[in-house]
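Working notes for the structure below.
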Amino acid sequence: MHVTGTVTPPAPQRTPDRHTRRFGLPVATALVMGNIIGGGIFLLPASVAPFGTVSLLAFGVLTVGAIALALVFGRLAARDPRTGGPYVYAREAFGDFAGFLAAWAYWITTWVSNAALAVAAVGYLDVLIPVDGHRWTACLAALVLQWLPALSNFAGTRYVGAVQLVSTVLKLAPLLLVAVGGLFFFDADNLGPFDASGGGAIGAVSASAALLLFSYLGVESAAVSAGEVRDPRRTVGRATVIGTAGAALVYLLGTLSVFGTVAHDRLVGSTAPFSDAVNAMFGGSWGGWAVALAALVSMTGCLNGWTLLSAQTPYAAARDGLFPAAFARKRRGVPTVGVGVTVVLASLLTVYNYASGSGRVFEVLVLVTTFTATVPYLLATAAQLFHLVSGRRDRVNGARLARDSVVASVAAAFSLWLVAGAGYQAVYQGVLFLFAGVLVYAVLAGRRGRVRSPAGSPADGGPPFAVERPGV
C-alpha cells in the first residue's frame, strides 16, 4: 500500500524489473493525448460542417472548459498523487460512497467504450483488409484489436508506455500533415457560410458543441495513473495540461484545414473528410487508404491507454475495500486482474453485438457511457471546490485561491455541460447503471463489515480496508 502523502512507494512494493517502469512526462503526455484523440477526429469536420464555420467557436469554448478541467486534475493530483484519479479525490473529500460511484461509473465507461472503439476500428481495417463482409470475420478482427493492447498491458508498464508513445507519434504524423499542410492549400472559398444552420449563431454553437463535447474525454488519464508516474505532484498536472492543449490544437487545426481544402457542399455529405482533404491537397485517390491506416493506429493506441485506465481505478478502489479484492493484484506494475476482467467483458459485449445482428442494444450502451464518463469529472471538480471553501490551510494554497476558484468553477460548468450534452435518454439509462452499482456497494460494504473487529479495526487475517487520508 502506498504511503499516503508521498510519491515513493514503500519498500515491500519495490520489486522493479525490466518489465516495470514509471512514466515520465513524455509518456504521461502521450497517454493523455492518445486517450483523447481516438477515431472520432477523422469524422469531426464532416459532423460539424452543417453548422458552418461558427462551429470553430464551439471548439474554442470547449477547449477552455477542457483545459480548466485539466488544471483541476493537476491541482488534485498535486494534493493526492495516488493511482485512481477521480475516485481518490471523491473518496478523500466525500467518503466511501462517493468514491465508489466515481470508480463504478468510470469502470463501466472504460470497458463499454473499449468494445465500441474496437468495433469502430474494424470499419477502418476493412479499407486495408476486407473483413467486414462476413459477420464473424469482423467479430474476430474486433476481438484481436482488443486483445493486442491487453497483451501489451499484461507485459508490464514498460511496454504499455512504449506502445502508447509510439502510437501517439504515428497517429499525430498524418493528422499534423493535414492540420499544418492543409494551411498551405487553404482556399477561403471552400469555407461556406459562417452560420449554415439558419437557426442563429448561438444555437449553432450549442448544437455543434453537443457533437464535440465528448471529443475531450480522456483528460483525466494521467491523474488516473498517477501511481505509475514519476514525480506525480509535478508531472501529472503538466502532462494533463500539455496533452489536453495539444489534442485541442490538433482538433482545431485539423478541422480548419479540412474546411479550407474541401468544398463545403461536398464536406457536408463526406464520410471520410480527412481522406478528401488529402486527395484535394496531393491529388490521386490514395487518401482513403492513408487515413484508414492512421485511424487504425490511432484507435489501437487509444485502446492501449484505455485498457490500462480500465484497471487503475478498480485497483485503487479494491485496495480500499470498495471493489472485489482480486482487482488489487498487480504484476509488472499493471493490475492484471482488472485488465483481464475488463477485456473479457468488452469481448463478450462485442460478441453479443455481432451475434444479435443489430447494433441497437450496443449503441444504447455506448450512449450510456457518455453520461457515466461525466460522473467522475463532476465529483472531482466538486472535491476541488470543497477544498477551496473548506478553509483548510493544509489543503489550499492561499496565494492561488482566487485563480483556483475560477478554474474550478469553469471546470464544474464544463462537467455539467457534458451531462446535459449526453441527452435525456443517456442520463436516464446511465442512472440505472449507477443504481445497479449501489447494490454492488451494499454487498461489498456488508462483507467489509463482517471482517472488522468490534472496535472498528480490521479483523485478524482480514485486509486493511481503511486507508489513511493525506493531511488528516
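Hydrogens, waters and symmetry mates are skipped; everything else that's a heavy atom, side chains included, is used. Being a predicted model, the structure only gives us computed values, none of them experimental.
- For Ala311, the side chain to side chain contact (heavy atoms under 4.5 Å, CB included) criterion is met by Pro335, Val339, not counting sequence neighbours.
- Rounding to the nearest 0.5 angstrom, the gap separating the CG atom in Leu434 from the CD atom in Gln429 is 12.5 Å.
- Side-chain atoms of Ser298 never come within 3.5 Å of backbone atoms of Ala294 as a donor-acceptor pair (strictly under, hydrogens ignored).
- Side-chain contact check for Leu322 versus Arg91: some heavy-atom pair is nearer than 4.5 Å.
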Exercise. Should Val351 and Cys139 be marked as a side chain to side chain contact (heavy atoms under 4.5 Å, CB included) after you check the CA-CA gap, both sets of side-chain angles, and the distance that decides it?
Worked result: CA-CA 6 Å; Val351 171; Cys139 179; 4.0 Å; yes

For this session: Kindly determine whether Phe433 and Trp104 satisfy ring-ring contact (aromatic ring centres under 6.0 Å, His included), including the steps that lead there.
Result: CA-CA 9 Å; Phe433 270 76; Trp104 178 259; 8.4 Å; no

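- Exactly one residue among Leu217, Thr372, Thr369, Leu309 makes a side chain to side chain contact (heavy atoms under 4.5 Å, CB included) with Ser113. That residue is Thr369.
- Nearest approach of Ala105 to Thr109, heavy atoms of both residues: O-OG1, 2.9 Å.
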Problem set entry | Val389 and Ser405: CA distance, side-chain angles, deciding distance, side chain to side chain contact (heavy atoms under 4.5 Å, CB included) verdict | CA-CA 9 Å; Val389 301; Ser405 298; over 6 Å; no

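- A 4.5 Å side-chain heavy-atom check between Leu31 and Ser221 finds at least one atom pair inside the cut-off.
- In terms of modelled atom types and a separation under 3.5 Å, the side chain of Thr313 and the main chain of Trp107 share no donor-acceptor contact.
- When every heavy atom of Ala408 is checked against every heavy atom of Leu388, the shortest pair comes out as CB-CD1, 4.0 Å.
- Contact annotation: the side chain of Gln384 approaches that of Arg79 to within less than 4.5 Å [non-hydrogen atoms, C-beta and beyond].
- Between the CD atom of Gln312 and the OG1 atom of Thr307 there is a distance of 11.5 Å, given to the nearest 0.5 Å.
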Exercise. Is there a side chain to side chain contact (heavy atoms under 4.5 Å, CB included) between Thr350 and Leu143 once you walk through the steps?
Worked result: CA-CA 7 Å; Thr350 301; Leu143 292 176; 4.3 Å; yes

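- Using cut-offs of 30° and 60° on the angle between ring planes, the pair Trp306 and Tyr106 is tilted.
- The shortest distance between side-chain heavy atoms of Val250 and Leu176 falls below 4.5 Å.
- Looking at heavy atoms from C-beta onward, Tyr87 lies in side-chain contact with Asp320 at the 4.5 angstrom threshold.
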For this session: Go through Leu267 and Asp276 one step at a time and tell me if the side chain to side chain contact (heavy atoms under 4.5 Å, CB included) criterion holds.
Result: CA-CA 8 Å; Leu267 183 59; Asp276 292 338; 5.8 Å; no

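- The main-chain N or O of Leu252 is never found under 3.5 Å from a side-chain atom of Thr255 such that the two would form a donor-acceptor pair.
- At a threshold of 4.5 Å between non-hydrogen side-chain atoms, the residues Leu175 and Phe274 count as touching.
- Shown here for Leu379 and Ala98, the closest heavy-atom pair between the two residues is CD1-O, 3.6 Å.
- For Ser225 (side chain) and Ala222 (main-chain N/O), no donor-acceptor pair under 3.5 Å exists by modelled atom type.
- Using the six-membered ring where Trp is involved, Phe73 and Tyr89 have ring planes that are tilted, between 30° and 60° apart.
- Shown here are the ring-ring contact (aromatic ring centres under 6.0 Å, His included) partners of Phe97, two or more places apart in sequence or in another chain: Tyr441.
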Can you give each donor-acceptor pair under 3.5 Å made by side-chain atoms of residues 45-69, sequence neighbours left out, with the distance rounded to 0.1 Å?
unit_1	atom_1	unit_2	atom_2	d
Ser47	OG	Leu43	O	3.0
Ser55	OG	Gly52	O	2.9
Thr63	OG1	Phe59	O	2.7
Thr63	OG1	Tyr216	OH	2.7

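- For the pair Thr235 (side chain) and Pro232 (backbone), a donor-acceptor distance under 3.5 Å is absent.
- When every heavy atom of Ala121 is checked against every heavy atom of Leu296, the shortest pair comes out as O-CD1, 3.7 Å.
- Taking CZ of Phe323 as the start and CG of Leu444 as the end, the distance is 8.0 Å to the nearest 0.5 Å.
- Across Phe327 and Ala318, no two heavy atoms sit closer than the pair CB-CB, 3.7 Å.
- Without hydrogens or angle criteria, Arg233 side chain to Ala78 main chain gives a donor-acceptor distance under 3.5 Å.
- Here the CD atom belonging to Glu220 is positioned 12.5 Å from the CG atom belonging to Leu76, to the nearest 0.5 angstrom.
- The shortest heavy-atom contact between Ala28 and Ala239 is CB-CB, 3.6 Å.
- The shortest distance between side-chain heavy atoms of Thr240 and Val236 falls below 4.5 Å.
- Residue Asn35 holds its CG atom at 11.5 Å from CE of Met33, rounded to the nearest 0.5 Å.
- Looking at heavy atoms from C-beta onward, Asp404 lies out of side-chain contact with Val72 at the 4.5 angstrom threshold.
- Expressed to the nearest 0.5 Å, how far CG of Leu345 lies from CG of Asn114 amounts to 11.0 Å.
- Between the Thr381 side chain and the Leu378 main chain, a donor and an acceptor come within less than 3.5 Å of each other.
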